[in-house]
Amino acid sequence: NPEAQSTFRADNRPFRKTARRMVARITSGSSPAGALFYNKEKIDKERAYLLLCQNALMTTPSDGRLDMIRAMETFQPYLDANQRTKKMVFHVSLNPAPEDKLTDAQLSGIAQVYMEKMGYGEQPYFVFKHTDIDRDHLHIVSLRIDSEGRKLPHDFEARRSMDTLR
């Protein structure tokens, strides 16, 4: 069947059956404020909304707005624990095929499974749904350092990402 079919397992995690591939674009940064502000600007222009907060000091707001102060407070203990790492921000854009029309629940599930398989499932992260181009897509912002200040391995991150999306 050429049409994408997404179903959920008993544990509510998505199992994706599709001939088309989701594409990821990973970027690194030195400050989570920049990645969060980028997404907040999209929200302010009504071209995105906060879809999911995971392991954060805030819950996912019903209005999809981002509280920058609470988001940065979520990341601050991690930043304080490791001030040596230069590119500590993990920012990925997940782009489904334009034909795939996925619900918010499906996109949230995909983001959670993706982060788990990438090794960032226990990290705090924020998932934003962008509606600013011809296809809806996700942006996920997290950190590459854990709560103890240890740098998470990001060797072969692009390869792990491609394997995760297969």
Side-chain angles (χ1 to χ4, degrees), residues 4-18 20-29 32-43 46-68 70-72 74-75 78 88-147 152-154 156-166:
Q5 298 173 352
S6 295
T7 58
F8 284 80
R9 301 179 189 129
D11 63 358
N12 203 31
R13 290 169 48 140
F15 178 72
R16 191 163 162 78
K17 300 175 189 174
T18 180
R20 293 176 296 280
R21 292 186 50 183
M22 185 171 293
V23 176
R25 181 174 175 265
I26 300 171
T27 57
S28 301
L36 291 171
F37 187 73
Y38 167 78
N39 286 284
K40 184 177 181 335
E41 282 185 320
K42 295 284 184 173
I43 291 169
E46 298 183 0
R47 295 180 162 193
Y49 55 91
L50 181 58
L51 183 62
L52 176 68
C53 301
Q54 193 72 17
N55 305 319
L57 295 178
M58 55 192 278
T59 59
T60 306
S62 59
D63 65 359
R65 309 295 295 174
L66 175 66
D67 181 338
M68 279 288 290
R70 292 298 284 166
M72 285 304 296
T74 295
F75 288 145
Y78 296 77
M88 65 183 63
V89 178
F90 175 81
H91 183 185
V92 63
S93 171
L94 295 179
N95 300 277
E99 304 84 37
D100 286 348
K101 303 299 180 204
L102 303 171
T103 66
D104 285 356
Q106 289 170 316
L107 290 169
S108 291
I110 288 167
Q112 289 173 308
V113 170
Y114 177 84
M115 292 298 281
E116 188 69 37
K117 288 185 175 183
M118 288 295 291
Y120 298 120
E122 298 301 314
Q123 293 293 98
Y125 61 89
F126 298 91
V127 180
F128 302 89
K129 180 178 177 182
H130 285 223
T131 58
D132 57 339
I133 58 175
D134 61 342
R135 65 182 170 352
D136 293 347
H137 59 285
L138 301 177
H139 283 251
I140 306 172
V141 178
S142 189
L143 298 175
R144 290 188 174 105
I145 48 180
D146 68 15
S147 60
L152 298 174
H154 70 279
F156 309 107
E157 200 169 63
R159 183 179 300 159
R160 280 198 329 263
S161 180
M162 287 189 300
D163 290 345
T164 296
L165 294 174
R166 286 191 183 140

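FYI, side chains are in, hydrogens and waters are out, and symmetry mates aren't considered; it's all heavy atoms of this structure.
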Between V141 and F128, is any pair of side-chain heavy atoms under 4.5 Å apart? yes

Could you tell me whether the side chain of V127 reaches within less than 4.5 Å of the side chain of S108, counting heavy atoms only? no

Would you please indicate yes or no on a ring centroid separation below 6.0 angstrom for H139 and Y38? yes

Looking only at heavy atoms, what is the nearest atom pair of R70 and L57, with distance? NH2-O, 2.6 Å

Stepwise side chain to side chain contact (heavy atoms under 4.5 Å, CB included) test for L138 and Y114: CA-CA 11 Å; L138 301 177; Y114 177 84; over 6 Å; no

Student check: side-chain heavy atoms of Y49 and D104 closer than 4.5 Å: yes

At what distance, to the nearest 0.5 angstrom, does CD1 of I145 lie from CE of M88? 4.5 Å

Taking all atoms of both residues into account, what is the closest heavy-atom pair of N55 and Q123, and its distance? ND2-O, 2.9 Å

Taking the side chain as everything from C-beta on, heavy atoms only, tell me whether F37 gets closer than 4.5 Å to L66. no

Write down the atom of P96, the atom of D136, and the distance for their closest heavy-atom approach. CD-O, 3.4 Å

Between D100 (side chain only) and L102 (backbone N and O only), is there a donor and an acceptor less than 3.5 Å apart? no

How long is the straight-line distance from CG of L94 back to CG of L165, given to the nearest 0.5 Å? 6.0 Å

Side-chain heavy-atom pair F90, L152 within 4.5 angstrom cut-off: no

With side chain to side chain contact (heavy atoms under 4.5 Å, CB included) as the criterion, how do H91 and N39 come out once you've worked through the C-alpha distance, each side chain's angles and the decisive distance to 0.1 Å? CA-CA 11 Å; H91 183 185; N39 286 284; 3.9 Å; yes

Check: S161 side chain, E157 main-chain N or O, donor-acceptor pair, under 3.5 Å: no

N/O donor-acceptor pair under 3.5 Å between R47 side chain and T131 backbone: no

Can you see which heavy atom on R144 is nearest to which on T27, and at what distance? NH2-O, 4.1 Å

Rounded at 0.5 Å granularity, tell me how far CD1 in I26 sits from CZ in R160. 8.0 Å

Side chains of T164 and M118 in contact at under 4.5 Å (non-hydrogen atoms): yes

Separation between CD (Q54) and CD (E122), nearest 0.5 Å, reads 8.5 Å

Residue pair L52 / K129, side-chain heavy-atom distance below 4.5 Å: no

Between T60 and C53 the two heavy atoms that sit nearest each other are OG1-N, 2.9 Å

Taking 4.0 angstrom as the limit, do D163 and R166 come out as a salt bridge? yes

Would you confirm whether H137, through its side chain, and R135, through its main-chain N or O, come within 3.5 Å as a donor-acceptor pair? yes

Check whether any side-chain heavy atom of Y125 lies under 4.5 Å from a side-chain heavy atom of Y120, and answer yes or no. no

Might you point out which heavy atoms bring S147 and Y78 nearest each other, and give the distance in Å? N-CE2, 3.3 Å

